[in-house]
**Q** 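Submitted below is the structure of interest, expressed as structure tokens.
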Amino acid sequence: MNSDGLELLRHGAGLLGLEIGEQLPQFARLFALLQEGNARLNLTALKTQEDIVLKHFVDSLTCLRGGYLEGPLTVLDLGTGAGFPTFPLSLVRPELHFTSVDSIRKKVDFVRDTAVQLGLEQVIPLVGRAEKLGRSADHREHYDRVVVRAVASLPVLAELALPLLREGGLLVAQKGAISADELNAGRRAAGEVGGKVQVVDPFELPVLGDARTLLVIEKLGRTPSKYPRREGVPTAQPLFWTPPQKQAR
């Protein structure tokens with residue numbers, strides 16, 4: 001990452017109220033490892049320095065809005081991909097203990113190797129699916145926080161994430177603009193699996209101005225044992241929600 005990239009990262013983080021001067025060398029190392037890994041493994045569609053800095057690094061740091069990730073928390077990053085938001089959050093909040101989950105082994109292997117290269121002993125990579133983890137005694141109702149970036153509709157996220165949270169835990173979900181219909185379905189789904197949507201925070205991604213929404217669902221009670229449903233069902237048949245493409249048929 002050249003000086004322009006470092007300054008762009010510093011500026012974007014500054015717009016979020018974050019001072020990351022001390023972490024810049026680690027972010028530069030992360031950038032180099034991602035570029036190297038991407039050339040071999042095709043980990044992410046984002047290739048340019050500006051896209052990686054803004055749409056991976058800064059975008060991941062927006063999960064810190066509202067202060068929901070402060071303190072020595074156990075955090076599950078659901079659908080981590082190439083390690084986002086795990087790596088940016090770990091660099092600026094080393095007290096967080098991450099379990100970074102993805103169903104694609106090559107991505108989890110990259111996260112494992114990169115965590116070692118960056119000295120992030122608090123990052124534990126794991127190959128798996130949320131449906132199975134949510135029924136595992138080692139993971140069900142185990143985590144203080146689940147973080148996720150734009151991988152599914154809100155009803156799906158609620159069903160997959162809330163079984164993994166202990167009571168009082170929070171799902172911190174970052175999405176793009178969200179429709180009223182999806183939000184209403186998400187509220188109903190959250191209630192069905194033991195939670196409640198507490199925060200809907202629309203904002204713009206620093207520098208680029210892309211629409212984002214940070215949603216926070218609190219786990220208020222135990223999730224019924226029938227949730228999550230078996231693999232693939234939450235996505236194929238979301239609770240209380242028919243995706244727009246199905247409505248159009």
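All values derive from a computational prediction rather than experimental measurement. All values below were derived from every heavy atom in this structure, side-chain atoms included, with hydrogens, water molecules and symmetry-related copies excluded.
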**Q** Could I get the full list of salt bridge (Lys or Arg N to Asp or Glu O under 4.0 Å) partners for Arg10, not counting sequence neighbours?
**A**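 Once residues adjacent in sequence are excluded, the partners of Arg10 under the salt bridge (Lys or Arg N to Asp or Glu O under 4.0 Å) criterion are Glu7.
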**Q** Checking Lys107 against Val127 for the side-chain contact (heavy atoms from CB on, under 4.5 Å) test, could you report, in this order, the C-alpha distance in whole Å, the side-chain angles of both residues, the deciding distance, and whether it holds?
**A** CA-CA 9 Å; Lys107 294 184 176 182; Val127 178; over 6 Å; no
**Q** Tell me yes or no: between the side chains of Gln174 and Thr213, is some donor less than 3.5 Å from an acceptor?
**A**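 No pair is found: no donor N or O on one side chain lies under 3.5 Å from an acceptor on the other.
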**Q** Under a plain distance cut-off of 3.5 Å, with no hydrogens placed, do Asp102 and Thr80 share a side-chain donor-acceptor pair?
**A**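 Checked: Thr80/Asp102 side chains show no N/O donor-acceptor pair below 3.5 Å.
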**Q** So which of Thr99, Val75, Leu164 actually passes side-chain contact (heavy atoms from CB on, under 4.5 Å) with Val146?
**A**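 The single option meeting the side-chain contact (heavy atoms from CB on, under 4.5 Å) with Val146 is Leu164.
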**Q** Measure across Pro25 and Glu22 and return the closest heavy-atom pair with its distance rounded to 0.1 Å.
**A**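 Heavy-atom minimum between the residues: CD-O, 3.5 Å.
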**Q** Judged by atom type as modelled, is there a donor-acceptor pair below 3.5 Å linking the side chain of Arg135 to the main-chain atoms of Lys226?
**A**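 Checking the backbone N and O of Lys226 against the side chain of Arg135, a donor-acceptor pair under 3.5 Å is found.
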**Q** What distance do Ser3 atom OG and Leu8 atom CG have between them, rounded to the nearest 0.5 Å?
**A**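 Between atom OG of Ser3 and atom CG of Leu8 there are 11.0 Å.
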**Q** Cluster question for you: counting only ILVMFWY and a side-chain heavy-atom cut-off of under 4.5 Å, with indirect links fine, are Val200 and Leu162 together?
**A**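 Same hydrophobic cluster.
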**Q** Can you tell me if Arg145 uses its side chain to pair, donor with acceptor, with the backbone of Tyr68 under 3.5 Å?
**A**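 Checked: pair present.
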**Q** Check Glu141 with Arg166, please: is the shortest side-chain N to carboxylate O separation under 4.0 Å?
**A**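 Here Arg166 does not pair with Glu141 in a salt bridge, since their nearest N and O are not under 4.0 Å apart.
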**Q** Do any N or O atoms from the side chain of Lys219 and from the backbone of Leu165 form a donor-acceptor pair under 3.5 angstrom?
**A**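 Yes; judged by distance alone, with no hydrogens or angles, the pair exists.
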**Q** Within the 3.5 Å criterion, strictly below it, is a donor on His56 or Thr44 matched to an acceptor on the partner's side chain?
**A**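 Result is yes, a qualifying pair exists.
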**Q** Between Asp201 and Arg212, is there a salt bridge with N-O shorter than 4.0 Å?
**A**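 Not counted as a salt bridge, because no side-chain N and carboxylate O are separated by less than 4.0 Å.
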**Q** Under 4.0 Å between a side-chain nitrogen and a carboxylate oxygen: does that hold for Glu159 and Arg229?
**A**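 A salt bridge links Glu159 with Arg229.
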**Q** When you check the gap from the basic side-chain N to the acidic O, do Glu231 and Lys132 get nearer than 4.0 Å?
**A**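 Yes, this pair counts.
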**Q** Mind checking whether Leu24 and Leu34 sit in one hydrophobic cluster, side chains of I, L, V, M, F, W, Y counted as touching below 4.5 Å?
**A**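 Yes, because Leu24 and Leu34 connect within a single hydrophobic cluster, where side-chain heavy atoms sit under 4.5 Å apart.
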**Q** Does the Asn42 side chain pair with the main chain of Asn38, one donor and one acceptor, at a distance under 3.5 Å?
**A**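 A pair under 3.5 Å: no.
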**Q** Assess the side chains of Asn2 and Gln49: does a donor N or O sit below 3.5 Å from an acceptor N or O?
**A**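 Short answer, yes.
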**Q** Thinking salt bridges, do Lys55 and Asp51 make one under a 4.0 Å N-O criterion?
**A**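 Asp51 and Lys55: salt-bridged.
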**Q** Linking I/L/V/M/F/W/Y whenever their side-chain heavy atoms sit closer than 4.5 Å, directly or via other members, would Leu54 and Leu16 fall into one cluster?
**A**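 Yes, it is one cluster - the side chains of Leu54 and Leu16 are joined through contacts under 4.5 Å.
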**Q** Calculate, to the nearest 0.5 Å, the distance between atoms CD and CZ belonging to Glu36 and Phe31 respectively.
**A**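 With rounding to 0.5 Å, CD (Glu36) is 12.5 Å from CZ (Phe31).
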**Q** Indicate every side-chain donor-acceptor pair of residues 114-124 with a distance under 3.5 Å to a residue at least two apart or in another chain.
**A**
from	atom 1	to	atom 2	distance (Å)
Thr114	OG1	Phe110	O	2.8
Gln117	OE1	Arg29	NH2	3.0
Gln122	NE2	Pro94	O	3.4

**Q** To the nearest 0.5 Å, how far apart are NE2 in His97 and CG in Leu76?
**A**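 Rounded to the nearest 0.5 Å, the NE2-CG separation comes out at 14.5 Å.
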**Q** Nearest 0.5 angstrom please: Leu73 CG to Leu96 CG, how far?
**A**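 These two atoms lie 6.0 Å from each other.
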**Q** Do Leu154 and Arg187 touch side chain to side chain, with heavy atoms closer than 4.5 Å?
**A**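 Leu154 vs Arg187: side chains apart.
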**Q** Inspect the contact between Asp109 and Arg112 and indicate whether a charged nitrogen and a carboxylate oxygen are less than 4.0 angstrom apart.
**A**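 Salt bridge between Arg112 and Asp109, a charged N being under 4.0 Å from a carboxylate O: yes.
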**Q** Starting from the C-alpha separation in whole Å, work towards a yes-or-no answer on side-chain contact (heavy atoms from CB on, under 4.5 Å) for Leu160 and Leu157.
**A** CA-CA 5 Å; Leu160 295 180; Leu157 296 180; 5.6 Å; no
**Q** Once rounded to the nearest 0.5 Å, what's the spacing between atom OG1 of Thr62 and atom CG of Asp59?
**A**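 Going from OG1 on Thr62 over to CG on Asp59, the span is 5.0 Å.
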**Q** Please identify each residue that fulfils side-chain contact (heavy atoms from CB on, under 4.5 Å) with Pro85, with sequence neighbours left out.
**A**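 So Pro85 forms a side-chain contact (heavy atoms from CB on, under 4.5 Å) with Ser60, Cys63, Asp77, Leu89, Val147, Arg149.
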**Q** Does the plane of the ring in Tyr143 sit parallel, tilted or perpendicular to the ring in His139? Use 30° and 60° as the thresholds.
**A**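 Rings of Tyr143 and His139: parallel, as their planes differ by under 30°.
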**Q** Step by step, would you call Phe87 with Gln26 a side-chain contact (heavy atoms from CB on, under 4.5 Å)?
**A** CA-CA 10 Å; Phe87 286 135; Gln26 285 182 293; over 6 Å; no
**Q** Indicate the atoms forming the closest heavy-atom contact of Leu239 with Ala189, along with that distance.
**A**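 Heavy atoms of Leu239 and Ala189 come nearest at CB-CB, 4.0 Å.
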**Q** Taking a hydrophobic cluster as the set of Ile, Leu, Val, Met, Phe, Trp and Tyr residues connected by side-chain heavy atoms closer than 4.5 Å, whether directly or through intermediates, do Val108 and Phe98 fall within one such cluster?
**A**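 Different hydrophobic clusters.
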**Q** With clusters defined by side-chain heavy atoms of hydrophobic residues (ILVMFWY) lying less than 4.5 Å apart, directly or transitively, does Phe240 cluster with Leu183?
**A**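 Hydrophobic grouping puts Leu183 with Phe240.
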**Q** In the structure I gave you, are the side-chain heavy atoms of Leu215 and Ile178 within less than 4.5 Å of one another anywhere?
**A**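 Leu215 reaches Ile178 side chain to side chain.
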**Q** Please step through side-chain contact (heavy atoms from CB on, under 4.5 Å) for the pair Glu218 and Lys196, ending with a clear verdict.
**A** CA-CA 5 Å; Glu218 184 178 3; Lys196 182 178 180 180; 5.5 Å; no
**Q** What are the two closest non-hydrogen atoms of Arg129 and Ser103, and how far apart are they?
**A**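 So the two residues come closest at CG-CB, 4.0 Å.
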**Q** With a 4.5 Å heavy-atom cut-off, do Leu126 and Leu133 have their side chains touching?
**A**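 Touching, per the 4.5 Å side-chain cut-off.
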**Q** Shortest non-hydrogen contact from Pro155 to Trp241?
**A**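 So the two residues come closest at CG-CB, 3.6 Å.
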**Q** Taking the side chain as every heavy atom from C-beta outward, state whether Gln35 and Lys47 have any atom pair closer than 4.5 Å.
**A**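 A side-chain contact under 4.5 Å is absent here.
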**Q** List the atom of Leu61, the atom of Ala13, and the distance in Å for their closest heavy-atom pair.
**A**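 In this case the closest contact between Leu61 and Ala13 is CD1-CB, 4.3 Å.
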**Q** Would you say the side-chain atoms of Glu19 pair up with the backbone N or O of Gly21, donor to acceptor, closer than 3.5 Å?
**A**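 It does hold such a pair.
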**Q** So which atom in Val111 and which in Ser100 form the shortest heavy-atom distance, rounded to 0.1 Å?
**A**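 Taking Val111 first and Ser100 second, the nearest heavy atoms are CG1-CB, 4.4 Å.
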**Q** Can you tell me how far apart CG (Leu64) and CG (Leu214) are? Round to the nearest 0.5 Å.
**A**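 Answer for the CG-CG pair, Leu64 versus Leu214, is 9.5 Å.
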